[in-house]
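Below: the structure, in structure tokens.
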Amino acid sequence: MKNVVFISPNFPTNYWQFCRELRNNGLNVLGVGDQPYDDLMPELRASLTEYYKVSSLENYDEVYRAVAFFIHKYGRIDWLESNNEYWLEKDAALRTDFHITSGFQTEDMPRIKYKSRMKEYYQRVGIPTARYHLVTDDIAACRAFLNTVGYPVVVKPDNGVGAAATYKLKNDEDLEAFMAFRPAGVSYIMEEFVNAEVNSYDAIIDSNGEPIFETGNVTPMSVMDIVNNNDNSIYYIVKDLPEDTRAAGRATVKSFGVKSRFVHFEFFRLNEDHEGLGKKGQIMALEVNMRPCGGFTPDMINFAHSTNVYKIWADMIAFDHSEKEVGEHQFCAFAGRRDGKNFKLDHDALMAKYADHMRMAQRMPDALSGAMGNQMYVATFPTREEMDAFYVDAVACE
């Protein structure tokens with residue numbers, strides 16, 4: 001039997017399903033989190049062999065002691081994971097300190113966490129990347145880069161999560177304002193702006209770097225704009241993964257040396273020809289995420305492909321393969337509404353109209369609402385035309 005430490009099993013709230021499938025595979029599932037045990041979902045409590053509460057997951061010493069306790073009680077830890085972007089570096093540090101070799105180590109972090117370092121690994125397999133400049137206090141160096149690529153440009157933390165603290169600079173006034181307020185000690189990357197939609201490669205990879213399961217999603221509008229403009233949020237799981245996305249995803253897996261992971265790689269599909277990057281419709285690199293796509297995306301993947309990626313992932317850990325079937329394919333649409341907007345169809349009307357298609361409808365956790373809205377709806381459709389009609393009804397305002 002393997003011992004698996006799962007960091008923060010209570011958040012996101014759907015992650016208890018990873019723990020359930022691990023337990024169903026006969027593994028000891030040892031949870032470390034900052035929520036009181038009695039406040040955990042009953043389904044999560046039933047999925048854990050034991051739970052160790054820390055006052056804060058930010059406190060490395062506390063989390064270290066929790067893992068040491070589990071080793072003392074249960075023996076060697078075979079796997080340690082959070083499947084959460086925010087904790088990837090802490091996961092790697094714990095694996096390194098406790099000689100858990102089944103995942104990324106501290107030395108691996110720069111190439112998978114720093115956007116500037118990712119570019120080399122995309123380029124190694126011939127995937128174009130946007131030109132960039134690492135921002136310092138030297139505004140003249142920024143202007144020299146802007147003389148080459150022109151406005152607008154996008155600035156974001158070189159080591160950041162999602163679209164947090166990401167901005168589009170349209171002119172010198174924006175540049176000067178950004179340079180004045182950017183947080184001290186945070187390394188920023190400036191990139192040429194690319195007119196594109198985000199297409200992802202989402203996959204579960206075995207210990208040989210081969211995919212056990214593959215799909216993808218599309219974000220037709222910029223997550224950066226959603227966050228900064230307080231817009232509604234939409235994205236969808238594709239009915240069938242485009243072959244160019246599949247090829248780019250598999251090449252990226254090989255270049256980054258990914259093994260035994262659930263991954264979410266983001267690419268741009270160009271909305272127009274872009275010199276040096278490609279023609280309209282082609283894909284280029286955006287960034288790698290060495291974890292599942294956020295929020296309720298794993299559930300959406302299940303709805304889109306009539307399967308269970310929580311089980312496929314747990315099977316990968318326990319057996320290095322999975323025989324879980326993938327069934328009928330559909331589009332699975334996410335619509336996230338912002339509070340305070342006057343929608344043409346209120347909640348009850350939307351639910352009634354799409355009752356046969358709706359798979360989830362609930363409030364988003366505050367920690368995810370910035371990028372995903374306050375009230376979310378997930379629905380499946382056999383055709384793109386039906387999904388597009390749903391989006392009009394879901395996010396159109398008076």
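Note: hydrogens, waters and symmetry copies are ignored here, and every other heavy atom, side chains too, is used.
When side chains are defined from C-beta on, Cys293 does not count as touching Phe265, because their heavy atoms never get closer than 4.5 Å. A heavy-atom distance below 4.5 Å is found between the side chains of Ile7 and Leu80. Annotation: side chain of Thr13 is in contact with side chain of Phe296 (closest heavy-atom distance under 4.5 Å). Contact annotation: the side chain of Asp299 never approaches that of Val378 to less than 4.5 Å [non-hydrogen atoms, C-beta and beyond]. With a 4.5 Å cut-off on side-chain heavy atoms, Asn25 and Asp315 count as touching. Side chains of Asp206 and Lys259 form no contact here, defined as non-hydrogen atoms less than 4.5 Å apart. In this structure the side chain of Ser260 never reaches within 4.5 angstrom of the side chain of Ile205, judged on heavy atoms. The side-chain heavy atoms of Leu40 and Gln35, taken from C-beta on, include a pair separated by under 4.5 Å.
Note: the hydrophobic cluster containing Tyr310 also contains Val326 (ILVMFWY, side chain heavy atoms under 4.5 Å, direct or indirect links). No chain of hydrophobic side-chain contacts below 4.5 Å, direct or via other Ile, Leu, Val, Met, Phe, Trp or Tyr residues, connects Val392 to Leu350. A continuous path of ILVMFWY side-chain contacts below 4.5 Å connects Ile77 to Tyr74, so both sit in one hydrophobic cluster. Placement of Tyr114 and Met290 in two distinct hydrophobic clusters is found when ILVMFWY residues are connected by side-chain heavy-atom separations under 4.5 Å, directly or transitively. Using a 4.5 Å cut-off between side-chain heavy atoms of Ile, Leu, Val, Met, Phe, Trp and Tyr, with links allowed through other members, Phe343 and Met364 fall into different hydrophobic clusters.
No side-chain donor from either of Glu197 and Thr219 sits under 3.5 Å from a side-chain acceptor of the other. Residues His274 and Glu192 have side chains that bring a donor and an acceptor to within less than 3.5 angstrom of each other. Side-chain atoms of Thr307 and Glu325 include no donor-acceptor pair closer than 3.5 Å. A donor and an acceptor atom, one from each side chain of Tyr167 and Asp174, are nowhere located under 3.5 Å apart. Checking His347 against Tyr377 by side-chain atom types alone, a donor-acceptor pair falls below 3.5 Å. For the 3.5 Å distance criterion, the side chains of Asp138 and Thr136 fail to qualify, holding no donor opposite an acceptor. Under 3.5 Å, the side chains of Tyr60 and Asp97 contain a donor-acceptor pair of N or O atoms. Between the side chains of Arg124 and Ser255, not a single donor N or O lies within less than 3.5 Å of an accepting N or O. Side-chain polar atoms of Glu89 and Asn159 form a donor-acceptor pair below 3.5 angstrom. Checked by atom type, the side-chain pair Asn232/Arg338 shows no donor-acceptor distance below 3.5 Å. Under 3.5 Å, the side chains of Ser8 and Tyr86 contain no donor-acceptor pair of N or O atoms. A donor and an acceptor atom, one from each side chain of Ser200 and Glu266, are nowhere located under 3.5 Å apart. One side chain, Ser207 or Asp320, offers a donor N or O that lies under 3.5 Å from an acceptor on the other. No hydrogens or angles considered: a donor-acceptor pair under 3.5 Å links the side chains of Ser82 and Asp91.
Remark: Leu241 CG to Asn217 CG distance equals 10.0 Å, nearest 0.5 Å. The CG atom of Asn302 sits 10.5 Å away from the OG1 atom of Thr215 when rounded to the nearest 0.5 Å. Separation of atoms CD1 (Ile283) and OH (Tyr201) is listed at 11.5 Å; rounding is to 0.5 Å.
Partners of Tyr121 under the ring pair (Phe, Tyr, Trp, His ring centres under 6.0 Å) rule, at least two apart in sequence or in another chain, are Phe256.
By the 30° and 60° cut-offs, the orientation of the rings of Phe267 relative to Tyr122 is perpendicular. Under the 30°/60° scheme for interplanar angles, the aromatic rings of Phe145 and His133 are found to lie parallel.
Comment: Asp61 does not engage Arg65 in a salt bridge, judged by the lack of any side-chain N to carboxylate O separation of less than 4.0 angstrom. Salt bridge present: Arg143 and Glu176 bring a charged side-chain N and a carboxylate O closer than 4.0 Å. Salt bridge annotation for Arg250-Glu214: present, with a cationic side-chain nitrogen under 4.0 angstrom from a carboxylate oxygen. Look at Arg95 and Asp108 and you find no salt bridge, because none of the NZ, NE, NH1 or NH2 atoms lies under 4.0 Å from a carboxylate O. Contact check on Arg363 versus Asp339 returns a salt bridge, with a Lys/Arg side-chain nitrogen under 4.0 Å from an Asp/Glu carboxylate oxygen. Salt bridge present: Lys254 and Glu210 bring a charged side-chain N and a carboxylate O closer than 4.0 Å.
Minimum interatomic distance between Glu398 and Lys344 (heavy atoms only, all atoms of both residues): OE2-CA, 3.6 Å. Residues Pro298 and Val309 come closest through the heavy atom pair O-CG2, 3.6 Å. Taking each heavy atom of Leu57 and Gly33 in turn, the nearest pair found is CD2-CA, 4.1 Å. The shortest heavy-atom contact between Cys19 and Leu48 is SG-CD2, 4.1 Å. Of all the heavy atoms in Ile237 and Ala304, the pair that sits closest is CG2-CB, 3.6 Å. In terms of heavy atoms, Ile112 sits closest to Met118 at O-CE, 3.4 Å.
The one candidate from Phe18, Tyr15, Phe319 that meets the ring pair (Phe, Tyr, Trp, His ring centres under 6.0 Å) condition with Trp313 is Phe18. Put simply, the residue from Thr49, Asn28, Asp78 that forms a side chain to side chain donor-acceptor pair (under 3.5 Å) with Asn3 is Asn28.
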* **Evaluation steps, salt bridge (Lys or Arg N to Asp or Glu O under 4.0 Å), between Glu191 and Lys119** => CA-CA 12 Å; Glu191 292 183 317; Lys119 292 178 181 292; 2.6 Å; yes

* To do: Run the numbers on Arg111 and Glu120 for salt bridge (Lys or Arg N to Asp or Glu O under 4.0 Å), then give the verdict.
  => CA-CA 9 Å; Arg111 77 176 189 274; Glu120 172 190 347; over 6 Å; no

* Asked: Going through the checks in order, is the salt bridge (Lys or Arg N to Asp or Glu O under 4.0 Å) test met by Lys53 and Glu62?
  -> CA-CA 9 Å; Lys53 181 191 176 300; Glu62 276 196 272; over 6 Å; no

* To do: Give the intermediate values and the outcome of ring pair (Phe, Tyr, Trp, His ring centres under 6.0 Å) for residues Phe334 and Tyr236.
  => CA-CA 6 Å; Phe334 175 96; Tyr236 60 90; over 10 Å; no

* Could you go through the ring pair (Phe, Tyr, Trp, His ring centres under 6.0 Å) check for Phe390 and Tyr354 one step at a time? => CA-CA 8 Å; Phe390 164 75; Tyr354 291 97; 5.1 Å; yes

* Begin with the C-alpha distance, continue with both residues' side-chain angles, and end with the deciding distance and a verdict on salt bridge (Lys or Arg N to Asp or Glu O under 4.0 Å) for Glu272 and Lys280. => CA-CA 4 Å; Glu272 61 185 10; Lys280 179 180 179 180; over 6 Å; no

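By the 6.0 Å contact criterion, CG on Asp366 is open, its count of non-hydrogen atoms from other residues, nucleotides or ligands being 12 or less.
Here Tyr132 sits in one hydrophobic cluster together with Leu134, Ile189; the rule is ILVMFWY side chains under 4.5 Å apart, joined directly or through other members.
Judged by a 6.0 Å distance limit and a 45° cone about the ring axis, Lys168 is positioned over the six-membered ring of Phe193.
Checking side-chain atoms of Asp158 against main-chain N and O of Ser116 turns up a donor-acceptor pair under 3.5 Å.
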